[in-house]
Amino acid sequence: MRFLDELNDNQRKAVEFVDGASLVIAGAGSGKTRVLTYKIAYLLKKGFAPSSILALTFTNKAAREMKSRIADLVGERIARYLWVGTFHSLFSRILRSEAGTIGFTGNFTIYDTADSNSLIKSIIKGLNLDDKIYRPGLVQNRISTAKNNLITPGAYASNEELMTADKHARVPRIQEIYRIYTEKCKQSDAMDFDDLLLQTNILFRDHPEVLQKYRERFNYILVDEYQDTNYAQYLIIRKLSEGHERICVVGDDSQSIYSFRGANIDNILQFKNNYQSAQVFKLERNYRSTKMIVNAANSLIDKNKNRIPKKVYTEKQDGEKIKVLQLYSDFEEATVVSEYVIELKESEEYAYKDIAILYRTNAQSRVLEDQMRKGGVPYRIYGGLSFYQRKEIKDVIAYCRLICNPADEEALKRCINTPTRGIGDTTVNKVLETAALHGVTAWEVMGDILKYNLPVHSGTANKLTDFREMISTFMEQKDVLDAYQLVDSVIKTTGMIRDTYTDNSPESISRRENIEELVNAIREFCEMKTDAGEQALLVDFLAEVSLLTDQDTDKNGDEDKVTLMTVHAAKGLEFKVVFVVGMEEELFPSSFSMDSARELEEERRLFYVAITRAEERCFITYAKSRFRNGELNFVNPSRFIKDIDSKYLDFPVQQTIPSSSNFVDEDEEIENFSGFRNAGTRFTRTSTRTYYPKQQTQEKPVYYDTPNPARKLTRLKNSPATSAINTDLNETFVPTIPVGKFVKHAMFGVGKVLSVSMSGANEKAEIDFGEKGVKTLLLKFAKLEVLD
DNA sequence: GGCACGAATTTTTTT
DNA sequence: AATTCGTGCC
Ligand SMILES: Nc1ncnc2c1ncn2[C@@H]1O[C@H](COP(=O)(O)OP(=O)(O)OP(=O)(O)O)[C@@H](O)[C@H]1O
């Protein structure tokens, strides 16, 4: 087995250990995933049948990569029979074949978060509860957490702790909503994401013979990113491996970042106690990053109290320090990052695809995207609104779902009046109420309007009947035509396509293109399946589509583009160059994590994950002001920057630090454009004028600058970050402009000052610009000139 | 029932 | 800024 040479001693030991449970716990970039991959290859060589190996990854993409890597080692003919995938995708497969035993059909629909949310909303409405108190999002969260901990509605109701918590939170009826939600899902033959895990547990608990069958089928179980598994996942694995304990999990407690999804770090911390035969393997050598990056990351994570200390070292070269850049605004941050990207590309050392820009929240991607486009930088955004979450796509899919499962109420609600065909909310509600009254599906009611006494006029009744007939016709074809042929017919017959031709707005065209892209994707799906000798019916497509994510729609993965994604989405990936942007208090760490030490530590782990994605170069940026929810906020640098030992950081001399004399052009700029001195940042959203510190645009690139030593380091280290930055801002002289006077604005022209008031720490003025309207402007930022 | 406009609201992260 | 919600009118 030559491939074992590609491992170091510790890795090889972990791979070769086959007699019992093993845990590989090690820091980032130490080759944990590699161990798992090679271990599978090793097991295959040792004679394990590929179909007897179950490997769980965190994403579909990771699964694909692992499978293809294994195929490289042992050949595609063998690798193709492996069970490699996410918990959700593999256990949905098992659930489909065993569905009958737990009261579902093999065709069950998978409700995505939007579907659950909509169902919860309608339940809350049905119970006449106030949706301001019973916020659907909150309820959904509670239900999800319950499911992840295997608490069924009954168990929920009899759980003291949960019930009192709900009572105190003034939402005592969550338990009832949960119960109805569960019933509704079952009635609609639907499972949500959490059900895929919960129902698997129920299946294994209530049907020992089924559990036994899968126990015998899977002789070896491997789990990647084990630190982010939840209780439901833990128990599935535990049950399947009971007896033989041939299980190998790998992970890093310092990279546990999904607690909001129920991930329980105890799974990995308690592994030794849960498995008698457990052997623990530690890997210490990092193969990914330079010394500077590894050390910086180590010094950061060292600030967490709750963690298993780990040694991590690297033999790679020292590399450069992590560059920390302070910018005026989110806008400038994006501009500067795009300039750095261009520099890196032009240096010919890096391609665009070597570079990633990571952020805490999806909302941050917008400015970045704009600036990348402006700078001509090709990029690809992952996450956020994915292709399959677009309205028009969800609409088409809703038709598909309804055709395959007429009980799918959420799908019905979605497409019954899309495009509009005169069946409005009132009618839909009547149908749903009548259905609930008789304990049948809405589909059933629509099939016999007279029998169920549906209180609608004959015109409306006809519309309902027509709609039902149309869907029925598709149903007759669902086992005859392949997915492509059927969907093609659906978009034409239902009027979905025609609807995009009613006007020629860019929105309509984009909707049409998206629908066409979907149809294309389905065609490719059919071709692929047919080539593989498998069936390619609509149900087959649906079974796969519900679990697809953004990263899976990535067709040409090796296009030369910069990657933009959240830090969460970057877990497990690596890039030569990484920019971690928006390192500010309230954003990263998120304001919601601030009052809990536990959550704060998770935010720190998240930052650790971000930095450890970098192989060679890492940049950290933060802005002093940022638009959030439509308003400008002044923000402070993240406390996490101080958590990194400053000897690994480089704060280049920048013009962007106020109060320093090398503050280029400030006076000139301010006087020319605002009429006020020290008015602060020049960047506003309404301004198209861009301004770069001279050095960055006209001289050599900043990242070759000599590190700026002591002075700024001390500033960041010894004083709270707030004082370094905030003082400057707070001391900014803000003159009050006289009410009633006329002022001139760069964009709006001349206007009259109506009032001046305080908005937080900032003065804002209401100014009437005549036909441009009355605007409310923050004086710190508006470029105003007082006219005499 | 459908549409348009104005008001109100906004927690981060995702399978 | 962006999206959702409510209202009012045809
Ligand atoms: N023995 C080795 N020799 C050479 N390269 C290695 C070796 N082990 C791992 N690598 C490389 O190191 C990098 C990180 O490996 P891998 O992704 O498996 O680490 P990991 O521990 O799973 O990381 P993370 O925890 O960040 O997901 C990969 O590029 C991998 O190819």
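Each chain gets a letter, A, B and so on, in the order its sequence line appears, and its residues count up from 1.
At dC5(C), one or more side-chain N or O atoms of Lys121(A) fall inside 4.0 Å of OP1 or OP2 (strictly under the cut-off). In this model, the phosphate group of dT14(B) is approached by a side-chain N or O of Asn362(A) to a distance below 4.0 Å at OP1 or OP2. Taking 4.0 angstrom as the limit, Ser591(A) places none of its side-chain polar atoms (N or O) nearer than this to OP1 or OP2 of dT12(B). A sub-4.0 Å separation between OP1 or OP2 of dG2(B) and a side-chain N or O of Arg421(A) is absent. Applying the 4.0 Å criterion to OP1 and OP2 of dG2(B), one finds that Asn417(A) has a side-chain N or O inside that range.
dG6(C) sits 24 Å from dT11(B) when the C1' atoms are compared, rounded to a whole Å.
Not a single side-chain hydrogen bond (donor to acceptor under 3.5 Å, both in side chains) links Lys32(A) to another residue, sequence neighbours left out. Listed by chain and number, the residues in a side-chain hydrogen bond (donor to acceptor under 3.5 Å, both in side chains) with Glu65(A) amount to none (sequence neighbours excluded).
The distance between atom CZ of Phe592(A) and atom C1' of dT11(B), rounded to the nearest whole Å, is 3 Å. In this structure, the CD atom of Gln140(A) is 13 Å from the P atom of dT11(B), given to the nearest Å. Regarding Glu631(A), its CD atom lies at a distance of 15 Å from the P atom of dA2(C), rounded to whole Å. Distance CD (Glu225(A)) to C1' (dT14(B)): 14 Å, rounded to an integer number of Å. Between the CZ atom of Phe260(A) and the P atom of dT11(B) there is a distance of 15 Å, given to the nearest Å. Residue Asp499(A) contributes atom CG, which lies 9 Å from atom P of dC3(B) at whole-angstrom precision. For Leu573(A) and dT14(B), the CG to P distance is 13 Å, given to the nearest whole Å.
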- Task: Take Leu240(A) and Phe204(A), measure what side-chain contact (heavy atoms from CB on, under 4.5 Å) needs, and give me the verdict at the end.
- Result: CA-CA 9 Å; Leu240(A) 283 176; Phe204(A) 289 166; 4.0 Å; yes
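When distances are taken from the side chain of His88(A) to each of dT15(B), dG2(B), dT12(B), the shortest belongs to dT15(B).
Inspection of the Asn304(A) and Arg604(A) side chains reveals an N or O donor paired with an N or O acceptor under 3.5 Å.
Side-chain to base pairing of Ser590(A) with dT12(B): one donor and one acceptor N or O lie within less than 3.5 Å of each other.
Residue Ser89(A) is classed as having no contact, given no heavy-atom separation below 4.0 Å to the nucleic acid.
Counting heavy atoms of neighbouring residues, nucleotides and ligands inside a 6.0 Å radius, atom CG of Asp425(A) does not exceed 12 of them.
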